[in-house]
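Structure, as structure tokens:
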Amino acid sequence: SQDSTVRLWNAKTGDCLQNYNRHTCAVLSICFSPCGRFLASGSVDRTFKIWGVKDGMLVNNYQGGGVISDVCWNSTGNKIAASSEDTNVIMIELTSESGS
């Protein structure tokens, strides 16, 4: 969102279930991990973050070289890619401590 937060909503009730609010600029991309336990977000603040879906806790924070325009998990959830406006793609291999 433009207010630098990510919100998880209950589609049936419209209730906000969780706020993820450690970005400092607009969030451009989000992606759930294949297992559904984690959420990745990419932002204009040049970071991409991994969050615990249920507790909203920041699991890990990564710095990119430019605005992070897209984040995506691989099919097994042990890698995440982030593309940035500086034309780089950042690939991170995750451990169980960092969100896989």
Do Tyr62 and Ile92 come close enough that some side-chain heavy atom pair is under 4.5 Å?
-> yes

Shortest non-hydrogen separation from Ala26 to Ser43 and the atoms involved = O-OG, 2.8 Å

Residues forming a side chain to side chain contact (heavy atoms under 4.5 Å, CB included) with Thr5, sequence neighbours excluded | Ser1, Asp3, Arg7, Asn21

Apart from Val44 itself, what residues make up its hydrophobic cluster, given side-chain heavy atom links below 4.5 Å?
-> Leu28, Val67

Spacing of Ile80 atom CD1 and Glu93 atom CD [to the nearest 0.5 Å] = 13.0 Å

Nearest non-hydrogen partners of Asp45 and Cys25, listed with the distance = N-CB, 3.6 Å

Grab the two heavy atoms, one from Lys49 and one from Arg22, that are nearest each other, plus how far apart they are.
-> CE-O, 3.4 Å

Determine the minimum heavy-atom distance between Met91 and Ala81, stating which atoms define it.
-> CE-CB, 4.0 Å

Who are the side chain to side chain contact (heavy atoms under 4.5 Å, CB included) partners of Gln63, not counting sequence neighbours?
-> Arg46, Thr47

Considering non-hydrogen atoms only, spot the tightest contact between Asn74 and Pro34 and give its length.
-> O-CG, 3.3 Å

Take Asn60 and Phe38, measure what side chain to side chain contact (heavy atoms under 4.5 Å, CB included) needs, and give me the verdict at the end.
-> CA-CA 11 Å; Asn60 221 323; Phe38 301 100; over 6 Å; no

Is the closest side-chain heavy-atom distance between Leu94 and Ile50 below 4.5 Å?
-> yes

Close side-chain approach of Ile30 and Trp51, heavy atoms under 4.5 Å | no

Apply side chain to side chain contact (heavy atoms under 4.5 Å, CB included) to Ser4 and list each qualifying residue two or more places apart in sequence or on a separate chain.
-> His23

Partners meeting side chain to side chain contact (heavy atoms under 4.5 Å, CB included) with Ser75 (sequence neighbours left out) | none

What pairs with Asp15 under side-chain hydrogen bond (donor to acceptor under 3.5 Å, both in side chains), at least two apart in sequence or on another chain?
-> Thr13

